[in-house]
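As structure tokens, the structure follows; a few thoughts come after it.
Below, chains carry the letters A, B, ... as their sequence lines are ordered, and counting in each starts from 1.
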Amino acid sequence: MSEPLLEVEGLVMHFPVKRGLLVDREVGRVRAVDDVSLTIGRGETLGLVGESGCGKSTLCRTVLQLLKPTSGSVRFEGREIAGLSRRQMRPLRREMQMIFQEPYASLNPRKRVGQIVGDPLRLQGAGSGAELRRRVGELLERVGLSPEHYERYPHEFSGGQQQRIGIARALAPSPKLIVADEPVSKLDVSIRAQIVNLLDDLQDEMGLTYLFVAHDIGVVRHVSDRIAVMHEGRIVEQGPADRVCEHPADPYTESLLAAVPVPDPRQARARRAGGRRPGS
Amino acid sequence: MLAAPLWASHVAHTGPDTTHTTEKITVDGERREVVSPDGASIGPVWFGADGRFFLGADGRLGRDEMVRLMYGGRTSLLIGVAAALITTFLAVVLGLLAGYHRGWTDSVISRAMDIVWAFPVLLLGIALGTALAVGGLQIGPLSISSGSIWIPILIIGFVYTPYMARPLRGEVLALREKEFVEAAVAQGAGPLRVMFGELLPNLWSRIIVLFTLSIANNMLLESALSFLGAGVQPPASSWGAMISTGTELIYSAPLLTIIPGTMIVLTVLSLNVFGDGLRDAIDPRSRVRLEAHAGTFEPEREGA
Amino acid sequence: MGRFAVRRLLGMLLVLFAISIIVFLIFNVIPSSDPASRIAGKNATPQLVASIERTWGFDDPLPAQYWTMMKLIFTGELISYSSQLNVDEQIWKGIPATFSLCIGAAAIWMFFGILFGYLSAVKAGRLTDRALTILTLVGISVPVFWLASVLLYYLTFKVQLFPSGGYVPLTENPLDWAYHLILPWTTLAVLFIGFYSRVLRSNMLDAMNEDYVRTARAKGLSERQVRMRHVLRNSLIPIVTLFGLDFGAVVGGGAILIESIFNLNGVGQYAADAISNLDLPPIMAVTLFGAFFVVLFSTLVDIAYAYLDPRIRLEAASR
Amino acid sequence: MKKLGTALAMAGVAAAMALGLASCGGSGDKEGGTLKVSFASFPDYLDPQLSYTAEGWSAMYNTYIPLLTYAHADGAAGSEVIPGLAEGLPEISNGGKTYSLTLRDGLKYSDGTPVKASDFKSTVERMFEVESGGSPFYTDIVGAEEFLETEEGGIAGIETDDATGEITIDLVTPRGTFTNELAMPFVALVPGDTPAKDQSADPAPATGPYEIVESNPGRGWSYARNPQWADNNSELTLDLPSGHVDKIEAAVIRNQSTQVNDVEQGKTNWMFDPLPADRVAEVKRRYEGTQYRPESSISTYFFWMNTAQPPFDDLKVRQAVNYALDPAALERIYAGEVKASQQILPPGMPGYEKFELYPHDMAKAKALVEQANPSDREITVWTDNLNPNDDAGAYYQDVLKQLGFDAKLKVLSGDNYFTVIGNQSTPDLDTGWANWFEDYPHPNDFFEPLLAGSSIAPTNNGNFAQIDVPSLNEKIDELAAQQLGPEQERQYAALDREYMEQAPWAPYGSRTLSAFVSSDIDLDEVIWNPTFSGDLTSFQFK
């Protein structure tokens with residue numbers, strides 16, 4: 001494994017359950033993330049798999065400090081970010097971006113594509129006017145859209161295209177880490193592969209590091225170098241992708257492999273090898 | 001025709017407060033007194049006196065009713081629009097703050113809104129109007145003299161804020177759950193940027209509709225406050241204040257009540273029809289509960 | 001559920017408390033409201049004013065004055081500055097007129113609001129709907145007090161069809177009671193008729209496209225049965241909510257204009273008189289009375305909703 | 001429009017000489033019946049010790065009777081002080097400082113308890129205890145000021161003897177107006193055990209021909225005949241009338257135009273308030289002489305100018321205003337209901353002599369302002385919102401604008417107008433409207449409270465013009481200590497002129513009031529007392 005980019009150690013995220021007639025008292029906790037430790041190396045893809053509601057999304061958000069963890073440590077490039085305030089976090093945000101599960105919901109319906117993709121650039125103080133427009137155009141092209149789409153609104157696009165916009169936005173600040181929270185689960189099966197391939201290509205080109213989340217172990221297997229399996233807030237197993245899929249150590253991983261229909265591996269591999277540029 | 005008040009000062013031959021108590025004018029070549037010795041004022045003369053006293057004089061001071069109507073309309077419209085701007089501004093800021101930050105910010109703002117909302121609108125308006133009628137308002141460097149129309153503007157803008165802030169807060173609460181907000185935060189946008197850059201654009205259509213209807217409501221409330229003597233202070237005129245003086249003379253000169261009232265109805269009706277159409281055009285499924293009433297005017301309740 | 005209700009009621013008390021403080025402060029910062037000189041009258045000497053200040057406690061610190069006033073309101077011993085009458089008793093005497101006005105008007109506006117809304121929705125897009133839409137829009141655009149004055153002029157003076165105002169107690173003569181209240185009822189109701197029929201119309205149009213209505217149709221129910229049993233019934237729920245709130249607001253001050261114009265001597269009229277006198281005790285009491293109704297009805301509606309829809313309870317509790 | 005009450009807050013309402021005593025009742029007149037009357041506002045109090053409005057005094061004229069009272073007659077005859085519960089007018093001794101009276105023997109309150117001489121003392125003490133607005137009239141009684149302060153120990157200056165009915169009052173200084181003051185309702189006797197708090201909701205037992213049997217404050221009240229009157233009290237006080245109707249129902253109808261409609265339609269028999277200005281023409285045309293007759297009042301309507309600060313500290317400016325105001329215009333604003341006059345004393349007041357110092361002359365006014373060339377031209381004009389006073393204010397503002405001033409109008413609620421302009425901490429008290437109705441027919445009532453330097457007070461100020469001329473102050477004091485006679489009347493007339501030369505006010509007239517009754521009331525029989533207005537004992541159905 002290469003030099004670690006992100007190190008998560010003993011991360012805990014509990015949601016208190018409060019009740020009380022007048023004053024709220026804590027009567028219990030939901031343990032969404034319970035003592036999770038992970039390490040992702042530079043340029044590596046870690047696949048995180050688990051059934052819906054197991055705490056994957058919470059983990060993503062906790063890692064990115066969109067939620068304050070209850071305890072534990074998150075180190076990014078060796079720097080502890082778990083206790084940082086919003087303000088302290090802000091300069092670090094450009095280094096780690098997120099791709100969302102629901103492409104449409106993650107795009108502001110009242111903003112034009114150009115603005116959506118350009119905003120992160122503007123936030124970084126990077127250029128303005130024509131220069132900004134040019135860079136946005138490049139990004140759009142990079143994810144397989146056309147610079148002409150600049151003035152359009154998100155609802156004018158298909159789901160796959162919307163996800164491409166989301167990816168372009170994530171790429172805009174030139175991040176090191178991208179957390180992809182089930183980026184393809186809401187897309188048509190026919191489009192999933194295109195997006196997965198796009199992410200793969202981008203990783204190769206830009207040396208990105210992915211935390212790739214899915215509930216479908218099949219998808220994860222093909223993009224990931226290593227896989228972590230999450231169950232009820234805990235990591236039950238982690239290791240190289242092929243090892244985990246072929247020799248699962250945990251019974252839960254086994255049940256996942258058995259329950260989820262896996263697309264024909266050969267077909268997927270073939271497509272990957274073909275490397276067609278999608279969408280253009 | 002409803003826009004005529006905007007050019008009042010260009011059309012009018014005389015000031016709105018100028019009295020013509022003992023004057024005579026020529027109507028169709030005949031000399032007539034504007035106010036007779038027993039106090040009866042001249043009625044509408046239409047075009048008989050070269051456009052002067054088109055609608056006659058108002059009561060025993062002999063002020064030109066048409067001129068007052070135009071200047072009064074200007075005041076009414078100004079109050080309606082200015083108060084709506086204040087309401088909108090406050091409601092947007094408070095709605096965004098409460099809806100975005102939730103937690104105790106929301107609790108504080110929502111409770112404050114509850115208080116203003118539970119305050120009977122007319123009573124609050126009259127109480128403030130009466131309170132400020134003598135000494136005016138003095139808050140730090142801001143000083144408003146007691147006869148100023150800014151007093152009714154501020155009162156109306158203030159008391160109607162919850163009626164707009166509540167639906168907006170509800171909307172913000174819903175929008176806030178959308179992933180694009182999280183996306184903006186993930187990119188390093190601060191709270192202000194999220195509120196005004198991400199959330200606000202999604203509220204515009206709603207705000208515009210609420211704003212239009214709010215002007216209509218404000219004009220009705222202004223008329224009610226002025227009618228009760230807590231709004232526009234004489235001799236300044238507004239349509240509400242004109243109705244107020246008119247009703248004192250209703251048995252001898254009913255037109256003085258009927259004309260300004262009709263103007264209010266027509267203007268408010270136009271605004272309501274416009275706001276209604278706007279709502280249908282922008283957002284056909286939304287059920288905006290902000291409707292015109294002077295006394296009770298309902299917020300949209302979340303979940304209702 | 002019980003927890004939600006208790007919280008809501010506590011919130012209600014808090015709101016009332018805040019309102020009482022605001023009113024108290026508004027009237028204590030007015031430069032000219034100085035009640036002692038007002039009570040003393042025109043020829044007052046400084047001794048008289050000083051003596052009045054001692055007796056009424058105007059020289060106490062403000063919190064003490066506030067506390068005394070609240071205590072007196074709730075023990076029913078508060079007396080007004082300008083007439084020295086017991087405020088609670090005066091409010092109590094105004095209640096029959098105010099409630100007669102509000103309840104009667106509410107009955108009228110519910111009946112016509114629902115009737116017009118129903119007709120408008122059923123005949124959507126047709127002439128009846130258009131006409132009713134115009135009518136209801138006009139209804140919500142008319143200043144109530146203006147309508148009242150114009151009706152008074154035409155119907156009690158030009159044509160002496162109705163009495164020119166005043167209130168006859170129901171117990172004294174039910175017929176006369178209704179006869180005196182017809183005009184006030186109508187005027188007060190116009191606005192709400194317009195408002196309710198518009199809300200009902202849009203609710204019904206929405207409801208007609210819902211699945212359960214289609215299912216009902218598919219089951220072979222007649223169009224009429226579908227409308228009455230399913231569409232109307234479900235569309236009425238929000239109307240009932242609105243009614244709760246509006247009724248609270250009307251009792252709590254919305255009727256003030258109608259009461260003064262028709263000389264009904266209700267609580268609203270009492271409030272208007274007190275305000276023009278800058279007479280703090282009745283203003284405090286009436287505002288609290290009004291706010292009580294507004295808050296009470298909105299609380300009732302909230303609780304009713306929470307009962308019907310548990311999500312609200314959770315949302316409110318998580319705040 | 002609405003509340004004459006406050007407009008007339010200072011006192012009684014007058015009717016003048018216009019009509020002689022009504023001729024004796026016609027043959028068709030009948031006794032009994034229920035009289036319905038309407039008031040635009042409920043009296044401030046239905047408690048004789050507290051009430052200080054025209055409404056209250058009119059309502060209690062025939063209910064609570066002081067030791068002295070005013071004759072039940074129109075015009076000047078009605079200004080005569082006559083014995084009420086006392087046997088005769090007071091004997092004045094000790095250089096005008098001691099007043100002696102004797103209570104009639106055998107009087108009873110409507111509840112049957114006997115009236116005692118000591119009730120007078122307890123009544124005066126009660127008036128101080130309830131902190132009545134009337135108490136300043138009686139602080140010259142020995143020991144009264146201490147009593148107001150401590151409310152203990154009684155008032156030393158009043159001695160009574162229940163056995164003989166003798167009442168002796170000692171004053172600190174001679175007081176020429178004290179006879180009039182003994183005839184004010186403030187000292188109308190109530191039983192000694194009446195609680196020292198407002199009794200409006202449960203009026204005290206009466207001594208007059210009518211007792212208040214029901215009071216619903218804010219809404220209305222009603223009278224019935226006093227059961228003790230016919231057999232007992234009237235036998236003892238023959239000079240007071242007994243009344244014709246058996247019951248009187250008074251209702252509050254706030255809108256005066258509605259009151260007019262109701263009288264026209266016969267739903268109300270008499271409206272207390274004057275006609276609203278816009279209905280005057282119509283009512284005069286249709287009902288003058290049959291159901292309507294104008295009644296003059298002893299009152300002065302004026303604009304005061306604050307002589308203590310620019311620009312009105314300059315006599316020329318004040319005179320300019322007097323020249324600039326057009327009585328004809330103001331008459332129209334009041335629909336003819338104000339009789340033009342440019343002096344302090346109104347017609348009907350002893351000492352009134354007509355003069356006209358400032359005939360309307362706009363050119364002269366402008367010239368005077370030019371001469372004075374005041375540097376401060378920003379003026380606030382104050383008026384109340386009772387129509388047509390608000391219109392008069394608007395007209396005055398317009399006149400000041402024509403004179404080259406930057407005038408702003410401030411219109412306040414009639415209910416607190418005088419409190420505000422009487423409070424010197426109110427900013428911008430430059431000039432404004434005011435009126436004054438007599439408390440009693442004595443000219444001192446127009447000078448001391450309104451123009452004497454000693455009346456300038458931080459709150460409840462009555463000297464709105466803040467005029468303080470030492471020589472004139474002395475004159476006021478000197479005249480106030482004397483009993484009113486022809487010589488004093490002449491001197492008051494001179495004082496009137498001297499003050500108008502100083503022009504602290506721009507007076508414009510006295511108010512015309514009106515008696516307007518339904519068609520079934522005998523208008524000729526109606527008595528309009530200058531201090532108490534419509535006399536309820538005089539109303540009679542045809």
Side-chain angles (χ1 to χ4, degrees), chain C residues 30-56 79-80 82-86 89-91 93-94 97 149 152-153 156-157 160 163-167 259-266 269-270 272-279 282, chain D residues 2-3 9-11 41-42 44-45 47 50 52 128-137 139 145 148-149 151 197-198 200-201 216-220 251-255 257-258 261-262 265 267 385 412-416 418-423 425-427 439 449 455 457-460 462:
Chain C
I30 307 178
S32 58
S33 69
D34 177 12
S37 7
R38 292 168 51 72
I39 295 171
K42 201 77 192 101
N43 289 350
T45 54
Q47 298 102 298
L48 180 60
V49 176
S51 166
I52 289 172
E53 279 185 349
R54 273 196 310 277
T55 317
W56 292 79
I79 54 175
S80 114
S82 72
S83 67
Q84 309 198 8
L85 293 164
N86 185 303
E89 262 171 39
Q90 290 299 305
I91 291 181
K93 283 186 184 165
S149 305
L152 259 182
Y153 174 70
T156 72
F157 183 69
Q160 292 169 13
S164 56
Y167 173 71
E259 282 187 24
S260 4
I261 293 168
F262 289 102
N263 199 37
L264 286 179
N265 271 324
Q269 173 82 60
Y270 184 54
D273 287 354
I275 287 174
S276 72
N277 280 323
L278 295 181
D279 191 357
Chain D
K2 288 141 211 148
K3 287 173 189 145
M10 303 120 234
S41 59
F42 193 84
D44 54 344
Y45 301 100
D47 183 320
L50 279 162
Y52 198 4
F128 281 110
E129 279 164 2
V130 295
E131 279 139 354
S132 164
S135 48
F137 290 110
T139 39
E145 288 210 358
L148 174 60
E149 202 86 14
E151 291 186 7
K197 62 191 238 283
D198 176 23
S200 301
N216 206 345
R219 296 173 174 76
V252 173
I253 297 176
R254 287 177 176 76
N255 187 316
S257 262
T258 309
N261 299 345
D262 285 356
Q265 295 169 19
K267 293 179 194 159
N385 65 352
L412 301 183
S413 154
D415 296 289
N416 58 335
F418 285 103
T419 319
V420 173
I421 64 166
N423 187 330
S425 61
T426 306
D439 294 306
S455 302
T459 60
N460 301 81

Non-hydrogen atoms of chain C under 4.5 Å away: do they reach the side chain of [X], the backbone, both or neither?
X        : value
D/Thr139 : neither
D/Asn261 : side chain
D/Asp262 : side chain
D/Lys197 : neither
D/Ala201 : both

Pairwise distance [atom1]([X]) to [atom2]([Y]) - rounded to 0.5 angstrom:
X        : Y        : atom1 : atom2 : result
D/Ser132 : D/Tyr45  : OG    : OH    : 8.0 Å
D/Asn255 : C/Leu152 : CG    : CG    : 8.0 Å
C/Asp279 : C/Tyr270 : CG    : OH    : 6.5 Å

Side chain, backbone, both or neither: which part of [X] has an atom under 4.5 Å from a heavy atom of chain D?
X        : value
C/Gln90  : both
C/Ser260 : neither
C/Asn265 : both

N/O donor-acceptor pair under 3.5 Å between [X] side chain and [Y] backbone:
X        : Y        : result
C/Ser80  : C/Pro282 : no
D/Ser135 : D/Glu131 : no
D/Asn216 : D/Arg219 : no

